[in-house]
Structure formats: structure tokens, C-alpha cells
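What you see is a predicted model, and the numbers here were worked out from it, not measured in a lab. To find a chain, count down the sequence lines: A is the first, B the second, and so on, and within it residues start at 1.
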Protein chains: 2
Amino acid sequence: MKLSTKGRYGLKAMFDLALHFGSGPVSLAHISERQDISMSYLEQLIATLRKAGLVYSIRGSQGGYELNFSPSEITVGDILEVLEGQLAPVSCVKSNDTEHCSKSGECVTRAVWQQIHDSITDVVDSITLQDMVNDYMPKTNVMINRKEY
Amino acid sequence: MKLSTKGRYGLKAMFDLALHFGSGPVSLAHISERQDISMSYLEQLIATLRKAGLVYSIRGSQGGYELNFSPSEITVGDILEVLEGQLAPVSCVKSNDTEHCSKSGECVTRAVWQQIHDSITDVVDSITLQDMVNDYMPKTNVMINRKEY
DNA sequence: CGAATTCCTAGTTAAGCAGTTGGGATTGAG
DNA sequence: CTCAATCCCAACTGCTTAACTAGGAATTCG
């Protein structure tokens with residue numbers, strides 16, 4: 001049940017883009033350095049995200065990447081699904097194919113996998129990049145809210 | 001985020017043992033046939049479960065395996081943890097080591113993995129083998145409850 | 001132009017999965 | 001007592017995938 005580096009690195013990269021949302025394109029070199037990910041590997045991950053429409057690229061000098069939607073519109077689930085493929089713990093859970101349930105334990109165990117899948121989905125679909133940005137800079141909020149100080 | 005066959009087969013095997021709990025030892029050959037798992041492969045899985053203390057074996061002719069606890073005392077989480085290793089989506093989540101959080105996105109993404117892990121844990125620790133057995137034979141309950149029939 | 005950037009394809013290395021094979025040890029039944 | 005059923009153990013194999021690395025082509029700003 002491990003997540004691969006694709007998902008881990010990919011989320012970090014997207015988080016980095018969210019942090020710099022609205023400030024012009026961010027180059028891979030910068031993401032690579034800040035998030036400590038090999039640049040050539042990161043290239044492949046971001047290519048997947050681009051093909052899925054989550055980011056878009058600006059080529060040439062001074063180019064880079066930007067989120068295709070605002071951070072509040074992109075969930076962790078969106079990102080992980082693109083990079084990790086289906087998040088279902090077993091393949092049969094994804095597409096309601098109850099055919100293979102011939103043998104005795106099949107359907108009962110399938111129900112377990114289904115519950116695991118649902119709980120994962122609930123979590124990742126409920127967290128947006130904006131949520132992560134907010135978590136990252138709580139000080140800003142503290143300052144703003146400190147009117148009595 | 002895929003579960004390997006170890007976890008899948010292992011849970012099916014344990015479910016099979018739960019179904020026959022209290023009726024004497026169950027041989028690998030029977031589990032293998034009923035759950036449609038290669039017997040020699042199943043041997044390895046059940047060896048792991050035995051070493052973890054979830055089942056015990058009776059050697060020799062007419063031997064087999066039995067659950068070491070009643071089905072209501074064994075959770076899906078117990079089984080998966082033994083067979084799949086840590087269920088944490090990333091390694092750092094398991095043991096509160098917040099050391100590596102030097103780079104900017106590290107701690108924020110870690111919080112996400114932590115939430116995923118917690119939700120998986122909640123699910124698998126809440127389902128016992130007894131629950132699965134109950135799900136498998138709802139007809140029995142229906143019959144018993146049908147007093148008017 | 002040329003430096004900075006994205007884009008694309010094709011390796012490479014290592015590890016793990018999903019078994020199989022071949023034997024050895026134990027024990028109940030006949 | 002013997003033998004067939006069963007568990008026990010370790011090694012081996014084929015395959016797939018993860019996690020990169022390498023090298024170059026195309027694009028664009030200054």
C-alpha cells in the first residue's frame with residue numbers, strides 16, 4: 001500500500017506551483033531545487049500533469065509552468081489519480097464488475113477493499129491545494145487576526 | 001496504491017479459516033481450492049501469518065491450520081499489517097519522524113499522507129473477521145428472524 | 001544569435017511480485 | 001509399523017515496475 005514517488009513528488013511540485021500561483025511561470029529548475037527532486041525525473045511527472053490538463057506550460061526562455069486552475073479548484077485526489085492511476089487497492093473495485101465473485105470469499109473481501117477505497121477517496125478529494133497553502137502559512141492568518149495586539 | 005496478492009489472498013485465507021472456526025484444523029489444500037489460490041504460494045503467506053501468531057498449525061495427517069483467536073478478535077488491519085508491512089502511504093508517516101521536513105513542501109505533504117493513513121487505519125481496524133462472516137451469511141439471520149413464516 | 005527553457009524518446013538499474021520446485025519433518029489412520 | 005497426508009523450509013525463476021538518467025530537438029525572450 002505504498003504510494004510511489006510519482007505521487008509524492010507530484011504533489012510537492014503542484015504545491016510549489018500553488019504557492020507561486022499568479023506570479024508568472026515557474027521553471028522546473030526552481031521546483032526541482034526547492035522541492036529537492038531530480039529535474040529530469042520531474043520533467044516526466046509534470047508532462048503527465050500537463051497532458052491531464054492540471055497545468056500548462058510556457059516554452060522558451062523565461063518559460064515554465066502554471067496551474068491551469070486556481071489552487072482551490074484542484075484537489076489532492078485530482079493529482080494522485082493522474083500520477084498513480086486508480087487509487088483503488090485492488091483492480092476490481094474501480095468499475096463495479098461484480099462478475100469474478102464466483103468463489104466463496106470473493107465478494108466479502110471485495111466489500112472490504114471497497115470501504116478502504118471509499119475512505120481514501122473521501123480524504124484526498126476533500127483536500128485542495130489551497131488548503132495546503134493555508135496550512136503552510138498560518139502565521140499570516142495569525143497576524144491578520146491579532147487585532148487586539 | 002495497489003494492494004499486492006499477499007494481502008488479498010491472505011485475507012481470503014483468513015476469512016476461510018474464520019468460516020470454519022471451531023470445526024477442527026483446515027488444510028491448505030482445502031483453502032487453496034475454495035479460495036482459488038496456488039497451494040505452494042499460499043504456504044508462504046500462511047507461514048507469515050503463523051509466525052505473526054495469527055494462526056497456529058497442526059502438523060501431520062489430518063492436520064491443518066486454525067485461527068489463534070476468535071474471528072471477532074482479529075481485524076483486517078491485523079492481517080494486512082502482517083502481510084503487506086506498514087500500510088502507511090509513505091514511509092515517514094509511520095513513526096513520527098518529523099526530521100526530514102527541511103524543504104518547503106515536506107511537512108505540508110506529510111500532513112496529507114498522515115490523513116490518508118489515518119483513514120485507512122480507521123477502516124481496516126474496524127472490520128473483524130466476524131463482521132465478514134456475518135456479511136457472508138445474511139440468509140441465516142433472515143431465516144432465524146422469520147418467525148412469522 | 002544564444003541562453004534558457006520545455007518537449008520527447010529511449011535507455012538502465014534495482015527491487016519486488018508472484019509464483020514454482022524440490023525436498024524434509026511430523027503424525028494420524030489402517 | 002508403515003504410509004499417506006500434511007506442514008515446513010529454502011532456493012530459484014520469470015516478469016513487471018519504479019525510479020531514475022541521457023541525449024537531443026524545438027521554442028522563445030533578450
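- Read 5' to 3', the first and last nucleotides of DNA chain C with an atom closer than 4.0 Å to a heavy atom of chain B are dC17(C) to dG28(C).
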Check step by step if side chain to side chain contact (heavy atoms under 4.5 Å, CB included) holds for Tyr41(B) and Lys6(B). CA-CA 9 Å; Tyr41(B) 188 39; Lys6(B) 290 181 196 169; 3.8 Å; yes

Heavy atoms under 4.0 Å is the rule here; annotate nucleotides 18-30 of chain D 5' to 3' with B where the base is hit, S where only the sugar-phosphate is, and - elsewhere. SSBB----BBBB-

As a quick check of understanding, evaluate side chain to side chain contact (heavy atoms under 4.5 Å, CB included) for Lys12(B) and Val108(A), giving each step before the final call. CA-CA 9 Å; Lys12(B) 280 170 44 165; Val108(A) 190; over 6 Å; no

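- In this structure, Ile46(B) reaches neither bases nor backbone, as no heavy-atom distance under 4.0 Å exists between it and the strands shown.
- Asp125(B) pairs by the side-chain contact (heavy atoms from CB on, under 4.5 Å) definition with Thr75(B), Thr121(B), not counting sequence neighbours.
- Contacts between residues 50-57 of chain A and DNA chain D, counted as heavy-atom distances below 4.0 Å, involve no residue at all.
- Not a single side chain to side chain donor-acceptor pair (under 3.5 Å) links Ser126(B) to another residue, sequence neighbours left out.
- A straight line from CG of Leu45(B) to P of dC7(D) spans 14 Å, rounded to a whole angstrom.
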Test side chain to side chain contact (heavy atoms under 4.5 Å, CB included) on Ile116(B) and Trp113(B); report intermediate values, then the result. CA-CA 5 Å; Ile116(B) 296 175; Trp113(B) 311 138; 3.8 Å; yes

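- Residue His30(B) places its NE2 atom among 12 or fewer non-hydrogen atoms of other residues, nucleotides or ligands, all under 6.0 Å distant.
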Dump the intermediate steps for side chain to side chain contact (heavy atoms under 4.5 Å, CB included) on Val76(A) and Met132(A), then the final yes or no. CA-CA 9 Å; Val76(A) 172; Met132(A) 293 176 65; 4.1 Å; yes

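- With Met14(A) as the fixed residue, the side chain to side chain contact (heavy atoms under 4.5 Å, CB included) test singles out one of Leu83(A), Val82(A), Ile74(A), Ile46(A): Ile74(A).
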Which pairs would a plain distance check flag for residues 64-73 of chain A, meaning a side-chain donor or acceptor within less than 3.5 Å of a matching protein atom at least two apart in sequence or in another chain?
{"residue": "Glu66(A)", "atom": "OE1", "partner": "Tyr56(A)", "partner atom": "OH", "Å": "2.6"}
{"residue": "Asn68(A)", "atom": "ND2", "partner": "Gly53(A)", "partner atom": "O", "Å": "3.0"}
{"residue": "Ser70(A)", "atom": "OG", "partner": "Ser72(A)", "partner atom": "N", "Å": "3.4"}
{"residue": "Ser70(A)", "atom": "OG", "partner": "Ser72(A)", "partner atom": "OG", "Å": "2.9"}
{"residue": "Glu73(A)", "atom": "OE1", "partner": "Ser70(A)", "partner atom": "N", "Å": "3.2"}

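- Between Ser4(A) and Glu84(A) the shortest heavy-atom distance is OG-OE2, 2.7 Å.
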